[in-house]
Structures are given as structure tokens and as C-alpha cells.
Amino acid sequence: DYKSRVTVVGSGNWGSVAAKLIASNTLKLNSFRDEVKMWVFEETLQSGEKLTDVINRTNENVKYLPGIKLGKNVIADPDLENAVKDADMLVFVTPHQFMEGICKRLVGKVREDAEAISLIKGMEVKMEGPCMISTLISEQLGINCSVLMGANIANEIAVEKFSEATIGYRDKREIAEQWNVVAIAAGFVDGLDMGNNTKAAIMRIGLKEMIAFSKLLFSSVRDSTFFESCGVADVITTCLGGRNRKVAEAFAKNGGKRSFDELEAEMLQGQKLQGVSTAREVYEVLSHRGWLELFPLFATVHDLCRSSSTIRHS
Ligand code: NAD
Ligand code: 13P
């Protein structure tokens, strides 16, 4: 009997958790091959060893998900083309800024009947307007691409705490776009010690702006989507527990004197924030379309994020 092959493209904090969960499922399901390939953006660790070799030797992503066994059937592969070539199912989970380059490298290299799913937040801003990452994948690779998003802090799922997610797919059109921009605003509130009332207000306004922004850009968006895990629940968890919130808190505590780039490198050791670049991308769309006044929270988050570079260079 034919057995489907799954490849995970990406191996950061969330990518590693996705590979672990998928690999535990493929072991249980007869219709899947046990082995799950995970493409790793290769890097050399401080010990001098390649990350891929360490993952394959220890079954652990010691840099992005330390302390968690991924399962022996997760095979790390630094060769992107080789990792995807026979896959029936492709799970994309890299920081969004790398996806355009990855898609370009994958044109003509994936099976024509492969099914993809994106676990990626953020969007790609092009001259002709913003493009969802799932659309980028679908259009560049000529395959169907669904989306999974939700209140999903990776480290909690890694230790198998309960969590739910929303899946968006083409036939029953759902939009599952979530921007960590609001989590950065929540982090500022924490850093300035402004209290829970203010933080709740930020979450409310943030969600309102997300709904308005999504509807202006994509007319098929439904209100109900924002009451799913990928909407309100994700706003809450990222504003309470996420990495964007944490680094934004440190940024505000330092009065903007240290940049997000510096704090990200120091606090996250290679993990990537989506909020700062997404705030910039959203801002570009807002200013290009003359919508800045309609979105004070989004616009202010970007102004504050970039204020550090002004402070540093002046
Ligand atoms: P991460 O931020 O933990 O790690 C960064 C990853 O990017 C590493 O695998 C690194 O090797 C890779 N990388 C660095 N430079 C690269 C390059 N030039 N090209 C390709 N890859 C490169 O990653 P993550 O947490 O797995 O995030 C992936 C996506 O999942 C993001 O969109 C994120 O918002 C989303 N997400 C994350 C979480 C979470 O809790 N971590 C939860 C839900 C969604
Ligand atoms: P952070 O990237 O801010 O940790 O958010 C994680 C997340 O997206 C949870 O759904």
C-alpha cells in the first residue's frame, strides 16, 4: 500500500514542535511512512558541530527547542531540494521573510500533486499589494496550500499542553492571518508597567484593527474567523506569553535605547520576531493607501519600533 511522505520545511521553535507532533502521528497512522524529513537552515553551533548532525545524533533541536525529543523518525536534512523531492505533504514553517527565497528555490522541485500547509505568520508585501504566505506558496509552486494558525505558543505545545488551532483551506474560504503587531503593543504596555486594564484595551483595539485591515484588503474575510483560535485566542496568548511581547517589554523598559535587533539577538538566540517586520510591512500598506489615520495602533507600533534606530543613530 502507498504511504504518504511528509516534509517539514523549517526547524525553528515552532517548526521543531510541528515536526515532533507530525512524527508521533505518522508512527500511529498506517497511511503514512514513519520517517518525517525536516529541512534545516544549516548552521554551525558554538561547539563547532553542524546543527543537522546534532539533531540527527540526539533527536533534539538543541538550539531552537532544547530539552525536547523530536522522535527518532524525524530526519534533519540541510539540502532543501532533497528534503522536499518526494513529499506528498509539505508543512511550511519558517519565519515569513525567508519564504519568497525558499519558494523560488523550490519551483519545479516539488511533486505536482503535493499538498501544502503553512504555519507561518505575517505576509509578503509586494508592489501590487500584500500577499498571504499561503498564496505565495500556492502561486509559486502550483500546489494547494492550507493554513494552520491559532493560540499556539510552541514551547507549551512541545510539552503537550492542550491547545487548539484553526485550519483555513481553499474550498471553504477562511482567512487565518494573524499579526504579532498587537503583541508588541502589549509588550510596550508591560514594559511601561501600565497594568491590565491598559493591556486589555490594547488587545481590544488591536483585534478591531486586525478585523478592519483584513476586510479592507480581502473582501471575503468573515467576522466569525476572528472568533476562532486564529483570531481572538491567538491575540490573547501572544499578548500574554509570546516572544514578541517579551522583547517589546524589554525595549520599553530600556526606553527604546536598545534596538529590537539587539534585543532579539540577545534574548532569543536565533529565534526570529515577526512583529517588527510585519509592523513595517503593514505601515507601508497603510501609508501607500492613505489609511494611516484609520489604524492608530498599527501605525504607532511601527513608529515606536523604528524610533530606536533614530535614537541610536542620532
Ligand atoms: P524561530 O524564530 O524559532 O527560528 C528562526 C528559524 O529561521 C531557524 O530555524 C533558523 O535556522 C531559520 N533561519 C535563519 N536564517 C534563515 C534564512 N536565511 N533562511 C531560512 N531560514 C533561516 O522559528 P519558528 O518559531 O519556527 O517560526 C516560524 C513561523 O512560525 C513564524 O512565522 C512564527 O511567527 C510562526 N509561529 C511561531 C510560534 C512559536 O511559538 N514559536 C507559534 C505559532 C506560529
Ligand atoms: P511569538 O512569536 O510572539 O512568540 O508568538 C507565538 C505565536 O505566534 C503563538 O501563536
Side-chain angles (χ1 to χ4, degrees), residues 8-21 38-45 50-52 54-55 61-66 68 70 76 78 80 83 91-106 117-124 132-134 136-137 147-159 161 163-166 176-187 190 206 228-250 260 264-265 267-279 281:
V8 177
V9 177
S11 53
N13 191 229
W14 189 214
S16 302
V17 173
K20 170 186 148 67
L21 292 184
M38 177 173 80
W39 173 65
V40 174
F41 177 76
E42 190 64 290
E43 49 192 297
T44 306
L45 300 174
K50 298 273 188 221
L51 178 58
T52 310
V54 177
I55 295 174
N61 188 338
V62 290
K63 175 151 184 195
Y64 294 101
L65 191 64
I68 303 287
L70 300 180
L80 180 62
V91 179
F92 288 97
V93 54
T94 71
H96 77 285
Q97 58 270 38
F98 305 128
M99 270 315 293
E100 189 164 36
I102 289 172
C103 282
K104 282 203 176 116
R105 289 173 60 191
L106 289 183
I117 189 161
S118 161
L119 278 53
I120 299 167
K121 297 211 171 152
M123 59 186 179
E124 184 68 31
M132 287 189 282
I133 300 295
S134 52
L136 178 80
I137 294 168
V147 178
L148 180 147
M149 263 176 230
N152 298 151
I153 301 272
N155 290 335
E156 294 179 21
I157 299 178
V159 292
K161 292 189 175 162
S163 125
E164 55 175 13
T166 311
E177 281 289 290
Q178 155 68 42
W179 299 294
N180 282 319
V181 180
V182 184
I184 291 201
D190 287 343
E228 298 293 345
S229 183
C230 64
V232 62
D234 201 8
V235 170
I236 294 170
T237 199
T238 47
C239 289
L240 297 182
R243 301 169 295 185
N244 284 277
R245 188 217 63 81
K246 184 170 158 187
V247 177
E249 178 182 33
F260 268 95
E264 179 190 75
M267 298 173 74
L268 298 181
Q269 286 104 30
Q271 295 185 31
K272 298 277 176 205
L273 297 177
Q274 304 298 287
V276 178
S277 52
T278 305
E281 289 160 1

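Numbers for residues simply follow the sequence, beginning at 1. Predicted, not measured: the structure shown is a model, and the values here were computed from it. Counting convention: from 1, in listed order, for ligands and their atoms alike.
The residues K63 and E43 are annotated as salt-bridged, a charged nitrogen and a carboxylate oxygen being separated by less than 4.0 angstrom.
Polar contact with ligand 1: present for K272 (N/O pair, distance under 3.5 Å). Checking only distances, P95 never comes within under 3.5 Å of ligand 1, N or O to N or O. Between N13 and ligand 1, at least one N/O pair is under 3.5 Å apart. Checked against a 3.5 angstrom limit, the closest N/O atoms of R243 and ligand 1 fall inside it.
Every atom of ligand 2 is numbered from 1 in the order shown, and the set under 4.0 Å from a heavy atom of D234 is 9 (C), 10 (O). Every atom of ligand 1 with a heavy atom of A154 under 4.0 Å away is listed here by number and element: 39 (C), 40 (O), 41 (N). Ligand-side atoms of ligand 1 in range of I120: 32 (O), range being under 4.0 angstrom from any heavy atom. Close contacts between ligand 1 and I153 involve ligand atoms 40 (O) [criterion: under 4.0 Å to a heavy atom]. Numbered from 1 in the order shown, with element, the atoms of ligand 2 that lie under 4.0 Å from a heavy atom of N244 read 1 (P), 2 (O), 3 (O). Below 4.0 Å from some heavy atom of E43 lie the following atoms of ligand 1, by number and element: 11 (O).
Contacts with ligand 1 closer than 4.0 Å are made by heavy atoms of both the backbone and the side chain of W14. The proximity of N155 to ligand 1, defined as any non-hydrogen pair under 4.0 Å, does not occur for either the backbone or the side chain. Heavy atoms of K121 found under 4.0 angstrom from ligand 2 belong exclusively to the side chain.
The protein heavy atom nearest to atom 34 (O) of ligand 1 is Q274 CG, 3.0 Å.
Q97 and S277 share no donor-acceptor pair across their side chains, judged by distance under 3.5 Å alone.
At least one heavy atom of G150 lies less than 4.0 angstrom from ligand 2.
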